[in-house]
Structure formats: C-alpha cells, structure tokens
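Working notes, structure below.
Indexing begins at 1, ligand by ligand and atom by atom, following the structure's order.
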Amino acid sequence: MTVTSLPGWWWPKGRYSRHQEVAMLVNVYTGDQIRAAEKPLLDTGYGPALMGRAAYGLAHHIAHHHSSARGRGLYGARITALIGPGNNGGDGLYALAHLARRGAAVAAVLTRDRAHPEGLQAFRAAGGRVVDHIPPSTEVLVDAVVGTGFRGDFVRPQVPGLEILNDDAALRPLVVACDLPSGVNADTGAAGEGVIAADLSVTFGGMKQGLIAGRGGTLSGMLHTVPIGLERHLPKTPVRLTSVQEPTNVSSPLPTDHKYSRGVLHLVAGSSAFPGAALLTAGAAVSTGVGMVVLQAPEAVRSRVISAYPEVVGVPPSSTPAAMDRSDGVVIGPGLGDQPQLLSEAEAVLEHVLESGTACVLDASGLGLIRDQLRRRGGLSTNVLITPHVGEARRIAVMLRDRVLASMLDSGSAKADPVEAARRVAGSLDCSVLLKGSTTVVASPQGEVLLHRAQAPGLATAGTGDVLSGILGALCATQEQDWLTVAAQGVSMHTAAVQRIDPEGRGRFGASAVVRAMG
Ligand SMILES: NC(=O)C1=CN([C@@H]2O[C@H](COP(=O)(O)OP(=O)(O)OC[C@H]3O[C@@H](n4cnc5c(N)ncnc54)[C@H](O)[C@@H]3O)[C@@H](O)[C@H]2O)[C@@H](O)CC1
C-alpha cells in the first residue's frame, strides 16, 4: 500500500512537499481487536478453517526460513515444538503435521497434560512423536505454548533440553514463535523474563501491536503475517507500522527555487558543555537538504559549527524573535544543557513558535521547557513535535503528575505500554510525540500512532538523537505535511543511514558517521 499522507495537522503554509518518499504502512491491531474479529467466524463454525489457514501459513514460513538458514530442503529437518493447551498449541500441532508430510522429523513437547485434541490427532497421524525433552539435534524450535489467550504471568516451561537456546548462534535452533512469543502481551508488548526470544514470529489475521511495541518488539524477531480471512471483520485502526524506505529525491529543488523558498530552519542548539550536539543537529539538517540553516547559539558553538559547515548562518543566543521571521521550521533543545540564560532564550523562541504556529521540534534539554508551558498554557500546541526517549518521557510524566503514564513507561512492568503512553502524552500536551526506543512510537494528539522498528541497535549511541532532530527539522522546514508523515520519513532516513554504514548491526560507529552517511 502506498500512502503519502495521513489525516492530522498540516503546516499552515502554502507550499507543497517535494520530498518524494513514500512510506509503506501496515495496519497494526491489538490482540483483543484480532480476537474480536475472529469471534463472528468462530460463532458460525469457521474456527477449524481459520486454524487450518494459520497452521498452513506457519508451516510455509518455517519451511522457507529453514531452507534459507540451512541451505537445504525440509526432508529430514528436525523440528520440535513446545505445545500449550489452547488453540495456539493447536496451530503448532497442525503446522508440524504439514511439515511431517513434507518429510521433516517432527516432535512435540506438551507443556500441559492436555493439548488441542484434533491437532494432536493430526500430528500423530502424520508421524509426529510426543517427547518429554527437546532433542539436542533440533534445528527449528517452534514456540506454541500460548498466544493471544495469554493472561497473567508467564513462566517458561521447564523442559529438559531447552538449554540448547544458550548454544552458540551456529548451533542454536531457529526459534519460530507461533502467532507471538509465548508470554508477550499481544496488546502492549509487555513481557516478563521467561519469554523465549524468537528469530521469527508468524502471526495470524493481522499485525499485532505486541509484536512491535515495547519488549515484545525486541523478542519477536522477523515478522510475517498470515492472512486467515479476518480482513473484513477487522476494525479501522489508528495504529500503523512504517518500514524503512530509502527516501528518493529528498529536497530536490525546483528550477525556480531560491534558498528561502526551499525552507529555512532555525536551530536553537549547543552550549559550552555540549557544542557537539549543535554540530550534529546542524550537520544532519544540512545533509537532509534545506534552503538555509540558522543556528542560534553562543559564539564559541557557532564558530565550531560554521568551521565544519560554512553554509550555516549564526545568530547570537540573545537574538529577538525577529531573527526567526523567515523560519519555516525550528528545532529547540539539542545540547542546550542547563544554563539558565540559554534556557530562558530558548523559552522565548518556544513562546514565539507557539504564537506563530511555526513547525517546531522540541528535543533534549528543550523538553524541560514543557514545565513552564504547562503552567502558562496548560500544554503545547499541534505545531510542536516533542522527541523524548523513555527517561525524558518519565520526567514529562512527573510534570504532568500522571502516575498511570509513569507505569506505562516502566519497561519492566506488566503495565508497560509505550503506544498508549505516547498517545497519552500527545493528548495531555496537545502536541505530537515521537517516543524514541528500539521501536519508535509517534503519536498525534488525535490518537493516530505510527510505529517504526529501527532494527539498527547501533543507534543506541550518544548524539544519534541530535542527528534525528536535525533531520526532522529539515523535513518540517521544507515540506507541508503532518507530523506523522514527517516523522515516518525522518526515522526512515535516520535508520537507512545507519543501515548503510552498519548493515550487520555491529555498532562500530558514532553519530558523526550517521551524518556523513546522510548525504
Ligand atoms: N480463535 C481462532 O479461531 C484462532 C486462533 N488462533 C490461535 O489461537 C490462539 C488463541 O487461542 P486460545 O484462545 O485458545 O488461547 P491460547 O492458546 O493463546 O492460550 C490459552 C491457553 O493458554 C493457557 N494460559 C493462559 N495464560 C497462561 C499463562 N500465563 N501461562 C501459561 N499458560 C497460560 C490457558 O490455560 C489456555 O489453555 C492465537 O494466538 C492463535 O495462535 C489461530 O488458530 C487462528 C484462529
């Protein structure tokens, strides 16, 4: 599906985007939404048909990934499943029956004293063996203990032989989760310690939020969705997943363009303590492509940035808002630190932004300015995108005196729910929110959500957030789009740059390398 825009807030300007990037968007559902969609079909006797499709799809993906990983066909492949008592276990048993008929040697460990009766019968009829341990030669381990029916706490089944999961990567079996890794909350991604991390999750009926958000997003591995015929019954969802798209033609100027028509970005960034943040933000903005970058910063910071990027125009931190008259976008915060003078000058810029409606990214130290705005205005405004990481979001929860929000942001808690947390902050502050993490959650004040699973662990290094702010700033200054679209493009460009320099995820690079990879 090609989507170029989402409903929401649009820049109050008369220019049009020349950024040709399109984002691939996939609808994302909670486990409850999927179960509700299944219900009318189950009530009318279609349960076995749904399970049949789910199991066939699971078997197909297992066969495919086994042959890619091992470089040979399915005949003789040793596949073992952990089978729970419900329909999730039923899916696993039917899938193994398919695989047995294609020549695989399949075994099942029943984690309870009961299992899906028809599934077990089909499994046995196809030659499957019920065993009481994981055979050491297992090449594929299927986790079908519990799926969307999971409630409460999950305790990993104590099955002899499961220690093969600790083997070196070369010896470890390929772990495939049936629907989702057992013990992951399908709605929120909350997960306890016992969950087995999957290399691959094959999910049924629709993409589940728990596979992408929070800890679930780090435990689910590669994702496949098997359509099982629920489409017609699925509700309209405000949550979507965006994938990394190589942005094409970003900032291509028109023949008639001049620097002002291409967009002017005003940066309030850097301090004597953190000059590098201004360098990274300005560098990323320049490399993303924008008509002009204006840096409002102390003299020493300006001269360091300008010696690296002579195209940047410097203005002193005490500049009046008149210096921003031509600005199409503003970034406030990277590297500002905690000097009261710099913060009060940044506050004046934020005030101007809130009055004028200029698109603004509020990041890092700039997020501390929210406290005063809560007192003065009760929040921010829809032209603002705030970009906290989880620690910063927790500080915002304190400003909002919102304990429920704080518990949603506690990644170790069963109440962890980053999607709802981002939505809640966006609603409380009346601005858009980009909550950084292994999965980035972008929420609009209207409740739409965009998820981006970076799969670039090397991004967890100092300064990459400043780079993202520069990218987002350049994008918002140069185009007329809503924040969800800009954020989708921005996080895609950020991740794509990392994947170019670090395709294997080894993490041997710093934020400056990401800026260099942007061009
Ligand atoms: N409903 C349907 O028609 C379809 C369901 N499908 C599969 O069915 C699954 C849902 O099936 P169910 O509703 O039977 O539920 P599950 O099989 O996911 O789990 C229910 C079983 O797990 C046990 N359980 C619950 N919480 C547990 C915990 N904390 N620790 C250990 N065991 C726990 C329960 O005792 C119950 O027997 C989906 O995830 C999917 O795999 C698919 O076959 C597609 C069609």
Side-chain angles (χ1 to χ4, degrees), residues 28-62 81-98 108-120 122-123 142-159 162 175-196 198 200-211 215-216 219-220 223-234 414-415:
V28 180
Y29 303 93
T30 62
D32 281 348
Q33 285 173 322
I34 300 276
R35 288 173 78 87
E38 284 169 358
K39 188 153 185 331
L41 293 163
L42 299 182
D43 291 348
T44 47
Y46 284 98
L50 296 185
M51 190 173 276
R53 290 173 196 159
Y56 186 83
L58 175 60
H60 166 81
H61 287 294
I62 290 173
L82 292 171
I83 299 292
N87 288 331
N88 191 252
D91 291 339
L93 287 165
Y94 278 117
L96 260 59
H98 282 300
V109 178
L110 307 185
T111 62
R112 293 274 179 94
D113 49 9
R114 65 201 150 86
H116 191 275
E118 296 83 2
L120 190 55
F123 168 80
V142 181
D143 167 8
V145 180
V146 60
T148 56
F150 161 66
R151 299 290 175 268
D153 296 325
F154 179 74
V155 179
R156 184 184 292 194
Q158 297 299 306
V159 177
L162 206 49
V175 178
V176 182
C178 169
D179 205 13
L180 71 167
S182 297
V184 168
N185 182 314
D187 296 345
T188 64
E193 291 305 316
V195 176
I196 297 172
L200 168 73
S201 292
V202 181
T203 198
F204 311 125
M207 181 59 73
K208 292 170 189 82
Q209 205 164 288
L211 289 166
R215 282 203 73 218
L219 292 165
S220 54
L223 300 175
H224 290 291
T225 306
V226 175
I228 57 171
L230 302 185
E231 296 71 21
R232 209 157 51 82
H233 303 273
L234 286 167
K415 293 190 176 140

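In this structure, Asn185 contributes its side chain and Gly210 its backbone to no donor-acceptor pair below 3.5 Å.
By the 4.5 Å heavy-atom criterion applied to side chains, Leu58 and Val176 are counted as neighbours.
Under the side-chain hydrogen bond (donor to acceptor under 3.5 Å, both in side chains) criterion, Asp43 pairs with Lys39, not counting sequence neighbours. A search for ring pair (Phe, Tyr, Trp, His ring centres under 6.0 Å) contacts involving His98 returns Tyr56, not counting sequence neighbours.
Checking His60, Met207, His61 one by one against His224, the side chain to side chain contact (heavy atoms under 4.5 Å, CB included) holds for a single residue, His61.
Among residue pairs with one or both ends in residues 179-194, those qualifying as salt bridge (charged side-chain N to carboxylate O under 4.0 Å, His left out) are Asp179-Lys208; sequence neighbours excluded.
For ligand 1, the protein residues placed under 4.0 Å by at least one non-hydrogen atom are Arg35, Glu38, Leu42, Leu50, Met51, Pro85, Gly86, Asn87, Asn88, Asp91, Arg112, Arg114, Val146, Gly147, Thr148, Gly149, Phe150, Arg151, Asp153, Asp179, Phe204, Ile228.
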